[in-house]
> 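Got a structure for you, written out below as structure tokens; questions coming shortly.
Every chain is numbered from 1 and lettered A, B, ... according to where its sequence line falls, protein lines coming before strand lines.
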Amino acid sequence: MNVFLPDGTPLELPEGATGADAARAVGEGLARAALAVRINGGPYRDLATRLRDGDRVEIVTRDSPPADGIDPLWLIRHDAAHVMATAVTELWPGTKVSIGPPIDNGFYYDFEFPEGVTISDADFERIEQRMREHIKADEPFERTEVPVAEALERFRSQEQPYKVELIEDLVRNEGVETVSLYRNGPFVDLCRGPHAPSTKRIKAFKLMSTAGAYWRGDASRQMLTRIYGTAFFSKEDLDEHLERLEQARARDHRRLGKELGLFMFSELSPGSPFWQPAGMAIWNELSDLWRSENRRRGYREVKTPILYDVELWKRSGHWDKYQDNMYFTEVEGRPMGLKPMNCPAHIQLYRDQRRSYRDLPIRYSEQGLVHRHEPGGTLHGLLRVRHITQDDAHIFCAEEQIEDEVIGCLEFGFFLYDIFGFEPRLELSTRPESRIGSDEMWDRAEGALEAALRRQGLEYQVNEGDGAFYGPKIDLHMTDSIGRSWQLGTVQLDYSMPERFGLEYTGADNAEHRPVMIHRALLGSFERFIGILIEHYAGEFPLWLAPVQAIVLPIADRHLDYARRVEAELRGAGLRVEVDDRSESVGRKIRDAELRKAPYMLVVGDKEQETGQVALRRHREGDAGAVAVEAFIERAREEIAARGRAESGTRGG
RNA sequence: GCCGGAGUAGCUCAGCUGGUAGAGCGACGCUCUUGUAAAGCGUGGGUCGGGGGUUCGAGUCCCCCCUCCGGCUCCA
């Protein structure tokens, strides 16, 4: 028979030839490099797949493009997961296996170890050693297709309940009659495939960490032990990956927060940052920006209490839906709760007067301090805290104003993100199972958000069932330095709260109408946003955000007076400036200023003192020559006004 | 909340099988007075996360709790 290579060249092969045969027919080199085969532009298939006359055949090697979400690395990571399961089940007989997929940057496998066995990274060496043996043995991955009954019998007799459950679900949900099994060496796994031809294709791998993981992601089910690993086609690629991880760790906001003296945490108030002066400088810049932009866009700033009679929370629905995450106390015998959200407070402001359609939309903004009892195991530096300062706003508007207001919120968000060079992902979250309000309300609310997104031509992903209990929302997500995704902004549409609190406005028809509420946060919270900023800039803030914008470095003690005069002048110009007055060498002062990531170092000695200048040094860029103090001030002011994106802000991106 | 790991000086960390704690950096003092990424010498500094227990004796072994780290679940 004849098959055709990607360039159209025909290749003559015997009947029943496989992808591997085709590769070998082309050349020994390709046969050695071959990982899988694509037939007629289809998905990756095992190299052992039989070809048919007239097939267009493409041999997948490490450099092949992905297809159907699978790429060459996916293959060997999938292989590595099987090999790891092989090693683990040999080392700890009786271990129950569940699933082991490739993921971004690696793979994992979830196991249930025999009673009394716990695994930690101290066991990795043993497991890796055993894996290396299997890889060296060059064991082929052999696919067999077996009837469901046979597969069930096999895994039941081996006491592998998770595999049995997976097969039963495949039968129930997909009506399958056969399942595929893959064997490598002594290990047979239920697996859809595909796999590379043999274990030897795994050229470099490393086990990374262990974790608990619920079976099927369900917290009410068995907790399994997950082992994460990664695999590459070469030792160099693996080393490069490890190096990248190391660099990412260096920009972890918790580490930089400590190094740069931005904030701290105390055991005395877990999940609640203590802001040092340097961190507060960043906070205040952000706050100024936020405040002036809100004002410009027709928001009026308010401030509301943090402690309320629980009656309020019963009325709002938080008592029923959110109690477990709230803090309660008693004041003179009266049950009170700390606010986890600002909306009921803003509703009180709305209700303080009768409202007319002429007043709408009413836009209240607040840097609202809320407390949420986040479970202990979920706290994470500034990114997941219990003490949260939201850049909150609530818009009360008429139904026909919704679309414009939602668009206004999104545009505001993009305006802010653009300053930092952020490109967040949008997600539309729809009605959750546990909710308040009628289906008809939810239809309208979801429809309005979708209409706004479409009108702006924005790309978004739908998260079914992920909405707030009172309404659907559009969320804006960002990724941190080690690839974890965090929600920043949110725009939420709410028909429920206005109803629960009986909000009204008088329409042009002189009848009472019900307003709609839009809940909106753009930075999300100051805490989280600053955490993301620290990682984004790797602590090297643009001038306008830098906690210390310039450090004056006198060459010798006799220049201290002049240094202080420069300091006073810069401070008078509104700059955050310090003098390094230690009796240290210039080299030392520069080194320390560099480590503090100060954008500007101003060296002053005899020459500068005589001429009224400073010797400028830009962070990371070295000596930039002498300039007059006034000229530096001018330059700094311009840079600050531009918010410095071009100067240094993009470095962290 | 769940699984696993960790908590020793301000920071980074050492401390073997139990015998009353150590380094580097920082801090402080003195000397040096310095021209673009670490001057020299010296001095302090620790209820070993907290509480119980075992032991003649606990940083070290056991139990409980707290906090942090990596995940999982959750994140209105």
> Restricting to salt bridge (charged side-chain N to carboxylate O under 4.0 Å, His left out), what partner residues turn up for Glu433(A), sequence neighbours left out?
none

> Run the side chain to side chain contact (heavy atoms under 4.5 Å, CB included) test against Lys597(A) and tell me which residues pass, sequence neighbours left out.
Leu256(A), Leu260(A), Glu540(A), His619(A)

> I'd like to know if Tyr214(A) reaches the base of rG71(B) with its side chain, counting only an N/O donor and acceptor under 3.5 Å.
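By the distance-only test, no, there is no pair.
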
> Using atom CD of Glu374(A) as one end and atom C1' of rC2(B) as the other, report the distance to the nearest whole Å.
16 Å

> What verdict does the salt bridge (Lys or Arg N to Asp or Glu O under 4.0 Å) test give for Arg618(A) and Glu639(A), after you've listed the backbone C-alpha separation in whole Å, the side-chain angles of each residue and the deciding distance to 0.1 Å?
CA-CA 13 Å; Arg618(A) 173 102 212 174; Glu639(A) 191 177 331; 2.8 Å; yes

> Residues in salt bridge (charged side-chain N to carboxylate O under 4.0 Å, His left out) with Glu446(A), at least two apart?
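If we apply the salt bridge (charged side-chain N to carboxylate O under 4.0 Å, His left out) test to Glu446(A), skipping adjacent residues, the hits are Arg431(A).
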
> Give me each pair satisfying salt bridge (charged side-chain N to carboxylate O under 4.0 Å, His left out) with a member in residues 465-486 of chain A, each pair once, sequence neighbours excluded.
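Listed by first then second residue: Lys473(A)-Asp475(A), Asp480(A)-Arg484(A).
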
> Under 4.0 Å from any atom of RNA chain B, heavy atoms only: list the residues of residues 102-110 of chain A that qualify, in numerical order.
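Contacting residues: none.
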
> By salt bridge (charged side-chain N to carboxylate O under 4.0 Å, His left out), which residues pair with Arg126(A), not counting sequence neighbours?
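Arg126(A) satisfies salt bridge (charged side-chain N to carboxylate O under 4.0 Å, His left out) with no residue once adjacent residues are dropped.
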
> In this structure, how many angstroms lie between the P atom of rC72(B) and the CG atom of Leu379(A), rounded?
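Taking atom P of rC72(B) as the reference, CG of Leu379(A) is at 16 Å.
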
> Residues two or more places apart in sequence or in another chain: which of them pass ring pair (Phe, Tyr, Trp, His ring centres under 6.0 Å) with Phe263(A)?
Phe265(A), Trp275(A)

> How would you list all residue pairs meeting salt bridge (charged side-chain N to carboxylate O under 4.0 Å, His left out) that involve residues 364-383 of chain A, not counting sequence neighbours?
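The answer is Lys339(A)-Glu366(A), Glu374(A)-Arg384(A).
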
> State yes or no: are the ring centers of Tyr364(A) and His394(A) separated by less than 6.0 Å?
no

> Summarise how protein sits on nucleotides 31-41 of chain B as a single string, 5' to 3': B when a protein heavy atom is under 4.0 Å from the base, S for sugar-phosphate-only contact, - for no contact.
-BBBBBBBB--

> List the residues meeting salt bridge (charged side-chain N to carboxylate O under 4.0 Å, His left out) with Glu115(A), not counting sequence neighbours, and say none if there are none.
none

> Could you list by number each residue of residues 386-397 of chain A showing a heavy-atom separation from RNA chain B of less than 4.0 Å, or answer none if no residue does?
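Nothing qualifies; none.
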
> Counting just side-chain N and O atoms, does His380(A) come under 4.0 Å of either OP1 or OP2 of rC68(B)?
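No, because none of the side-chain N or O atoms of His380(A) sits under 4.0 Å from OP1 or OP2 of rC68(B).
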
> Please write out each protein N/O paired with an N/O of nucleotides 3-12 of chain B under 3.5 Å, distance rounded to 0.1 Å.
from	atom 1	to	atom 2	distance (Å)
rC3(B)	O2	Gly212(A)	N	3.0

> Between C1' on rU67(B) and CZ on Arg254(A), what's the gap in Å once rounded to a whole number?
14 Å

> Indicate whether OP1 or OP2 belonging to rC75(B) is found under 4.0 Å from a side-chain N or O atom of Arg528(A).
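So the side-chain polar atoms of Arg528(A) never come under 4.0 Å of the phosphate oxygens OP1 or OP2 of rC75(B).
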
